[in-house]
Amino acid sequence: MKSPINCSLYWTRFTGSHGSMHLAATEAGLVFAGSWSDSFRELEAWMNIRCPGYTIVRDDKKLQPYTTALEAFFLGARRSFTIPMDLRGTPFQRAVWDLLGSIPYGETRSYTDIAALLGRPASVRAVAAAIGANPALIFVPCHRVIGKNGSLTGYRGGLKMKEMLIRHELTQSGMADLAQKSGN
């Protein structure tokens with residue numbers, strides 16, 4: 001019987017000016033980015049479902065590329081992520097997550113827009129569920145998805161985190177100045 005190539009999940013805690021979060025990766029790439037200031041239990045609970053049997057090892061050095069990418073994002077030097085990811089989900093979930101990465105920095109789309117872009121306009125609830133299952137907050141920019149009426153809707157990291165991320169991107173992209181000038 002063939003043994004798994006990698007049975008380790010490496011983790012670190014990223015701390016930046018906006019808060020802190022747990023990150024985890026396999027040898028193949030990032031698998032998890034948690035909520036701001038949430039406990040280690042969030043990572044453990046996710047791991048028990050998505051990576052049962054894996055050994056969890058703290059390795060700040062191995063996760064350095066991910067923490068460096070997040071630092072660059074918050075400094076405004078990075079607008080997208082090209083780092084390796086090893087996302088665990090169904091084919092439908094992965095299709096939704098891939099599509100989220102195509103939403104331009106500083107812009108938002110509705111759940112209805114995402115369903116239409118997938119060619120499944122009647123699948124708004126399934127799209128919302130897939131977005132809610134996104135394991136890699138910020139790296140897979142689900143914060144860019146809002147309600148059809150423009151309202152902020154559910155976010156695993158909480159609406160405060162979602163609002164902060166949207167405002168950060170608007171500010172960094174110069175869109176906040178445009179919105180203010182146009183009265184929005």
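Since this is a predicted model, take the numbers as computed values, not measurements. Numbers for residues simply follow the sequence, beginning at 1.
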Notebook entry, point to check: When you measure from the side chain of Asn48 to the backbone N and O of Glu44, does any donor-acceptor pair fall under 3.5 Å?
Noted result: yes
Note to self: Measuring from atom OG1 of Thr12 to atom CG of Asp60, what distance do you get when rounded to the nearest 0.5 angstrom?
What the structure shows: 3.5 Å
List, one per line, each side-chain donor-acceptor pair under 3.5 Å for residues 75-85, sequence neighbours excluded.
residue, atom, partner, partner atom, Å
Arg78, NH1, Ser80, O, 3.0
Arg79, NH2, Gln172, O, 3.1

Notebook entry, point to check: Out of curiosity, His22 NE2 to Leu43 CG, how far, rounded to the nearest 0.5 Å?
Noted result: 6.5 Å
Notebook entry, point to check: How far does CG of Leu99 sit from SG of Cys142, to the nearest 0.5 angstrom?
Noted result: 12.5 Å
Next item on the list: State plainly whether the residues Glu169 and Arg167 are in salt-bridge range, i.e. N to O under 4.0 Å.
Entry: no
Check: Closest heavy-atom contact between Leu137 and Met21?
Finding: O-CE, 4.3 Å
Notebook entry, point to check: Shortest non-hydrogen contact from Pro141 to Leu100?
Noted result: CG-O, 3.3 Å
Checklist line | Atom of Thr67, atom of Phe14 and distance for their closest heavy-atom approach | finding: O-CE1, 3.7 Å
Next item on the list: Tell me, with the steps shown, if Ser20 and Arg13 meet side-chain hydrogen bond (donor to acceptor under 3.5 Å, both in side chains).
Entry: CA-CA 7 Å; Ser20 63; Arg13 183 153 182 98; 2.7 Å; yes
Notebook entry, point to check: Looking at OH of Tyr66 and CG of Leu30, how far apart are the two atoms once the value is rounded to the nearest 0.5 Å?
Noted result: 6.0 Å
Notebook entry, point to check: Going by distance alone, is a donor N or O of one side chain under 3.5 Å from an acceptor N or O of the other, for Glu163 and Tyr155?
Noted result: no
Check: For the residue pair Phe73 and His168, does the interplanar ring angle fall in the parallel (under 30°), tilted (30 to 60°) or perpendicular (over 60°) class?
Finding: tilted
Item checked: Derivation and outcome, side-chain contact (heavy atoms from CB on, under 4.5 Å), residues Thr108 and Asp113 -> CA-CA 10 Å; Thr108 58; Asp113 294 336; over 6 Å; no
Check: Are Phe74 and Trp36 close enough that their ring centers fall under 6.0 Å?
Finding: yes
Notebook entry, point to check: Quick one: CD on Glu42 to OG on Ser35, what's the gap to the nearest 0.5 Å?
Noted result: 3.5 Å
Notebook entry, point to check: Where do Thr153 and Tyr111 land on the side-chain hydrogen bond (donor to acceptor under 3.5 Å, both in side chains) test, with the steps shown first?
Noted result: CA-CA 10 Å; Thr153 55; Tyr111 295 92; 3.0 Å; yes
Next item on the list: For Asp98 and Ala95, indicate whether the former's side chain and the latter's backbone hold a donor-acceptor pair under 3.5 Å.
Entry: no
Which pairs would a plain distance check flag for residues 114-135, meaning a side-chain donor or acceptor within less than 3.5 Å of a matching protein atom at least two apart in sequence or in another chain?
residue, atom, partner, partner atom, Å
Arg120, NE, Ser123, OG, 3.4
Asn134, OD1, Ala136, N, 2.9
Asn134, ND2, Val140, O, 2.9

Item checked: Donor + acceptor pair across side chains of Gln64, Thr68 (<3.5 Å) -> yes
Note to self: Under 6.0 Å between ring centres: does that hold for Trp11 and Phe40?
What the structure shows: yes
Check: Passes side-chain contact (heavy atoms from CB on, under 4.5 Å), Ile49 versus Met47? Steps please.
Finding: CA-CA 5 Å; Ile49 293 167; Met47 185 185 112; over 6 Å; no
Check: Can you name the nearest heavy-atom pair linking Glu27 to Lys62, along with the distance?
Finding: OE2-NZ, 3.3 Å
Item checked: Any side-chain heavy-atom pair of Arg144 and Ser102 under 4.5 Å -> no
Item checked: side-chain contact (heavy atoms from CB on, under 4.5 Å) between Trp46 and Leu9, worked out -> CA-CA 12 Å; Trp46 177 87; Leu9 190 69; 4.3 Å; yes
Check: Where is the tightest heavy-atom contact between Pro52 and Arg50, given as atom of each residue plus distance?
Finding: CD-C, 3.4 Å
Notebook entry, point to check: Going by heavy atoms in the side chains, are Val31 and Leu87 under 4.5 Å from each other?
Noted result: no
Checklist line | Heavy-atom closest pair, residues Lys162 and Gly154 | finding: NZ-O, 3.5 Å
Notebook entry, point to check: Roughly how far, to the nearest 0.5 Å, is the CG atom of Leu170 from the CD atom of Glu107?
Noted result: 9.5 Å
Note to self: Determine whether Thr26 and Arg88 satisfy the following criterion, side-chain contact (heavy atoms from CB on, under 4.5 Å), listing intermediate values before the conclusion.
What the structure shows: CA-CA 11 Å; Thr26 63; Arg88 311 290 171 101; 3.3 Å; yes
